[in-house]
Amino acid sequence: MTDIVDPTTRSRMMAGIKGKNTKPELVLRRALHAQGLRFRLHSTKITGAPDIVLPKYKAAVFVHGCFWHRHFRCRYATTPSTRPEFWQAKFAANVARDDAVKRVLLDIGWRVATVWECALRKQDLIEAVASQLTEWLPTASKEIEIGEGEV
């Protein structure tokens, strides 16, 4: 199937998809800051350049989009009907990269939190996610995953 827009328009549209400072990331940062946490952003000194780095707790927080990072059994993790082979390969590469980064961070002693976009879509859930993260930080648990169903 051919694209419905010209290549210039498609390029502009794809350039608008951000990798940093996304809306879910901003709302989580606001909520964590309101709870008194201070953190670093997108530190390239740490493998995978986590969205939020809490050096005091040696914790890295990744805010993943359900679509791009394939949140299991999430209603937002749909697959486009056009060029399904391309999309499956792209999604598989994203998931493999996420797993590799998490494994490296855990191996070098960092703790990893993954917060899914679906958990940050409703205002009442945002505060619950921030509270859950705040409660997790002082524990000995190595990783946590927070999606809409875990809040």
Side-chain angles (χ1 to χ4, degrees), residues 3-5 10 12-44 46-106 110-151:
D3 204 347
I4 59 172
V5 296
R10 175 64 61 207
R12 183 175 39 79
M13 289 166 65
M14 293 305 286
I17 299 172
K18 300 186 294 182
K20 291 181 182 177
N21 302 319
T22 61
K23 190 173 180 179
E25 190 181 324
L26 292 174
V27 297
L28 180 61
R29 285 175 9 199
R30 240 178 260 122
L32 291 174
H33 195 271
Q35 292 201 6
L37 292 173
R38 300 301 178 255
F39 41 81
R40 300 278 177 259
L41 303 175
H42 311 289
S43 177
T44 55
I46 300 166
T47 303
D51 299 312
I52 299 169
V53 179
L54 297 131
K56 178 180 177 180
Y57 300 99
K58 205 167 183 184
V61 180
F62 292 94
V63 181
H64 284 333
C66 299
F67 175 79
W68 293 106
H69 297 269
R70 309 316 290 165
H71 187 196
F72 186 66
R73 291 190 179 155
C74 180
R75 64 180 165 204
Y76 303 111
T78 60
T79 302
S81 58
T82 57
R83 298 176 54 207
E85 311 80 29
F86 165 81
W87 286 107
Q88 292 300 334
K90 175 127 183 90
F91 295 145
N94 287 352
V95 170
R97 184 181 62 246
D98 294 341
D99 289 343
V101 165
K102 184 192 293 188
R103 196 170 36 255
V104 167
L105 287 172
L106 291 171
W110 280 82
R111 300 166 63 225
V112 179
T114 304
V115 179
W116 292 98
E117 171 191 16
C118 60
L120 301 170
R121 286 181 172 253
K122 296 178 184 164
Q123 191 60 41
D124 57 326
L125 293 180
I126 294 167
E127 291 178 23
V129 169
S131 295
Q132 214 171 341
L133 268 177
T134 305
E135 290 169 12
W136 170 76
L137 286 170
T139 68
S141 176
K142 292 289 184 188
E143 55 185 302
I144 187 172
E145 191 167 321
I146 304 172
E148 189 174 33
E150 291 84 25
V151 180

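Because only heavy atoms are used, hydrogens play no part in the values below, and waters and symmetry mates are left out as well, while side chains stay in.
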Could you report the tightest heavy-atom contact between [X] and [Y], atom names first, then the distance?
X      : Y      : answer
Thr134 : Pro138 : O-CD, 3.2 Å
Leu105 : Ala60  : CD1-CB, 4.1 Å
Ala113 : Trp136 : CB-CZ3, 3.8 Å
Trp87  : Trp68  : CZ3-CZ3, 3.6 Å
Val115 : Val129 : CG1-CG1, 3.8 Å
Cys118 : Cys66  : N-SG, 3.4 Å

To the nearest 0.5 Å, what is the distance between [atom1] on [X] and [atom2] on [Y]?
X      : Y      : atom1 : atom2 : value
Leu133 : Leu37  : CG    : CG    : 8.5 Å
Arg38  : Leu54  : CZ    : CG    : 11.0 Å
Ile52  : His42  : CD1   : NE2   : 8.0 Å
Leu32  : Ser131 : CG    : OG    : 9.5 Å
Arg111 : Leu137 : CZ    : CG    : 6.0 Å
Lys90  : Thr79  : NZ    : OG1   : 13.5 Å

Practice problem: Check whether any side-chain N or O of Glu150 sits under 3.5 Å from a backbone N or O of Gly147 as a donor-acceptor pair, and report yes or no. | Solution: yes
Exercise. Would you confirm whether Arg70, through its side chain, and Thr78, through its main-chain N or O, come within 3.5 Å as a donor-acceptor pair?
Key: yes
Exercise. Report the relative orientation of the aromatic rings in His71 and Trp116; use parallel for angles under 30°, tilted for 30 to 60°, perpendicular for over 60°.
Key: parallel
Quiz item: Parallel, tilted or perpendicular: which fits the ring planes of His64 and His69, with parallel below 30° and perpendicular above 60°?
Solution: parallel
Practice problem: Scan for salt bridge (Lys or Arg N to Asp or Glu O under 4.0 Å) pairs involving residues 131-145, sequence neighbours excluded, and state none if there are none. | Solution: Lys102-Glu143
Quiz item: For residues 73-82, which residue pairs qualify under salt bridge (Lys or Arg N to Asp or Glu O under 4.0 Å), counting only residues two or more places apart or in two chains?
Solution: Arg75-Glu148
Quiz item: What's the verdict on side chain to side chain contact (heavy atoms under 4.5 Å, CB included) for Asp98 and Phe62, showing C-alpha distance, side-chain angles and the deciding distance?
Solution: CA-CA 9 Å; Asp98 294 341; Phe62 292 94; over 6 Å; no
Quiz item: Is there side-chain contact between Phe67 and Pro80, with at least one heavy-atom pair below 4.5 Å?
Solution: yes
Exercise. Assess whether atom CD of Glu127 is packed by more than 12 heavy atoms of other residues, nucleotides or ligands within 6.0 Å.
Key: no
Quiz prompt | Side-chain H-bond candidate by donor/acceptor type, Arg103 with Thr47, under 3.5 Å | solution = no
Practice problem: Take Asp51 and Arg29 through the side chain to side chain contact (heavy atoms under 4.5 Å, CB included) test and state the conclusion after the steps. | Solution: CA-CA 9 Å; Asp51 299 312; Arg29 285 175 9 199; over 6 Å; no
